[in-house]
Amino acid sequence: MKIEVVELIRVDIPLVAPFRTSFGESHTRETTLVHVVTSDSEGWAECAAEPEPLYSSEFLDSSDLVIIDHLLPRLTALGDRLGAELVGTALAPVKGHQMAKAVLETAILDADLRSSGLSFGRYLGAVKERVPAGVSVGIMNEIGALLDAVGDYLDQGYLRIKLKIEPGWDIEPVRAVRERFGDDITLQVDANTAYTLADARHLARLDPFDLLLIEQPLPEDDIRGHAELAKIISTPVCLDESITSARDAAAAIALGACSIINVKPARVGGYLEARRIHDVAAAHGVPVWCGGMLETGIGRAANVALAALPNFVLPGDTSASSRYFAQDLTEPFVLQDGHLTVPTGPGIGVAVLPDVLDEYTTSKIEIPC
Ligand code: SMG
Ligand code: MG
């Protein structure tokens, strides 16, 4: 496969409601779409980075620059030999920048699979036709608004609720949700690194609420801290930001820093590494679930396919398109009986809607290869 043109298309899409985490608040989803055109196919992917380096050190402008100056030249140098399975090795000399690497590898994988007629699910090893959907509920100004939002998501059929937490918004919202909706709903929390090990006693106050897990309570480089915390609290510790490779996953499991892993392909450099993490975790009896970065239908399609692998045994942040967007860039993913259907068409299995893309495009860079 030979790349002819790569387009980097920046889009900015309004969210149906602001989404607040411990590190900031989003009102739109701004992302760079990578569109790869080859001699016999095309591929699409979206970058998970955010406009600012707050979730992780990557951000959209850095990702665009790294793609143009450092990643793409290493791939075009491969000429006709290029295929998705060579991308990781070709880009390995460039340190870090997993999200930039992931979006490029995914677009190339999509082009590869479209030309061979294989879906992402078939290629990755999906064993399910539909996957259970969870929803991530942002931090709010008051408990009443949170209870209304959670009630609405439960009415829609979501099978698991994740509450974003931070110091000052943790025990009380969890207590309120349990009191209103009972012990039977599947409930978990995500701190996005907002605590330190000194907060262990405080976090232990979540133990009586029978949470499925607490996600990334401590800084991303504090593996030892998570291992210590896991000895103090009974809520299972799940890592998100800390895991950027299969080697990280193996180390975190071996050190007792987590008993569950949130797999986000973008955070680990792409779907091939995400599948390796799935395999490492499965070998250790550690369950995984598929995270989300407010993806449009383009990124959501591939995530839903990944979530259909056998060790993705917990509901993911694979919500319906309507969770974030009134109008998605593809046909929307719709919740049916609490599940999303795994696309079966070639590649990611969804098509970009050209008029919607035009409406939300803010800039475009075309790179002839
Ligand atoms: O796609 O539903 C989604 C987002 C789920 O909470 C979510 N993601 O740390 O897991 C996470 C966060 C990161 C969001 S960055 C604004
Ligand atoms: Mg998280």
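One-based numbering, in listed order, for ligands and for the atoms of each. All residue numbers refer to positions in the sequence shown, counting from 1.
- Aromatic ring pairs are classed by plane angle as parallel below 30°, tilted from 30° to 60° and perpendicular above 60°; the pair F312 and H278 is parallel.
- Scanning the protein heavy atoms around atom 8 (N) of ligand 1, the nearest turns out to be G292 O, 3.1 Å.
- D112 and Y123 form no side-chain donor-acceptor contact under 3.5 Å, judged by distance and modelled atom types alone.
- Salt bridge annotation for R275-D279: absent, with no cationic side-chain nitrogen under 4.0 angstrom from a carboxylate oxygen.
- Atom 16 (C) of ligand 1 has E50 OE1, 3.4 Å as its closest protein atom, hydrogens excluded (heavy atom only).
- Taking a 4.0 Å cut-off on heavy atoms, Q216 fails to register as neighbouring ligand 1.
- More than 12 heavy atoms of other residues, nucleotides or ligands shown are found within 6.0 angstrom of CZ on R130.
- When only interatomic distances are considered, the shortest N/O to N/O separation between K264 and ligand 1 falls below 3.5 Å.
- When hydrogens are left out, the protein atom nearest atom 9 (O) of ligand 1 is N192 ND2, 2.7 Å; that is the closest non-hydrogen contact.
- Side-chain atoms of R267 and T244 include no donor-acceptor pair closer than 3.5 Å.
- For ligand 1, the atoms lying closer than 4.0 Å to a non-hydrogen atom of K162 are 6 (O), 7 (C), 10 (O), 11 (C).
- Distances from the Mg ion (ligand 2) show that D240 has an N/O/S atom below 2.8 Å.
- Near F23, with a cut-off below 4.0 Å to any heavy atom, the atoms of ligand 1 are 15 (S), 16 (C).
- Per-residue contacts place D240 under 4.0 angstrom from the following atoms of ligand 1 (heavy atoms of the residue considered): 9 (O), 10 (O), 11 (C).
- Remark: the backbone N or O of V177 is not paired with any side-chain donor or acceptor of E179 at under 3.5 angstrom.
- Ring pair H35/W44 is parallel by interplanar angle, where below 30° counts as parallel and above 60° as perpendicular.
- The protein atom (non-hydrogen) at minimum distance from atom 2 (O) of ligand 1 is Y324 OH, 2.8 Å.
- Every atom of ligand 1 is numbered from 1 in the order shown, and the set under 4.0 Å from a heavy atom of D190 is 9 (O), 10 (O), 11 (C).
- The cationic group of R160 lies under 6.0 Å from the six-membered ring centre of W289 and within 45° of the ring axis, placing it in a cation-pi geometry.
- Between the side chains of T318 and N303, not a single donor N or O lies within less than 3.5 Å of an accepting N or O.
- Among all non-hydrogen protein atoms, the one lying nearest atom 5 (C) of ligand 1 is D317 OD2, 3.4 Å.
- Side-chain contact annotation: Q216 with D190, donor-acceptor N/O pair under 3.5 Å absent.
- D190 contributes OD2 as its N, O or S atom closest to the Mg ion (ligand 2).
- Nearest to atom 1 (O) of ligand 1 among the protein's heavy atoms is L294 N, 2.7 Å.
- With hydrogens and angles left out, the side-chain atoms of E228 and H226 include no donor and acceptor closer than 3.5 Å.
- In summary, E215 places an N/O/S atom under 2.8 Å from the Mg ion (ligand 2), meeting the contact criterion.
- Contacts with ligand 1 closer than 4.0 Å are made by no heavy atom of V135, backbone or side chain.
- How far CD of Q188 is from CD of E215: 6.5 Å, rounded to the nearest 0.5 Å.
- Proximity annotation for atom 12 (C) of ligand 1: of K164, R267, R323, E215, K164 comes nearest, heavy atoms only.
- The ligand atoms of ligand 1 that sit less than 4.0 angstrom from a heavy atom of F19 are 6 (O).
- At the shortest separation from atom 6 (O) of ligand 1 among protein heavy atoms lies S136 OG, 2.7 Å.
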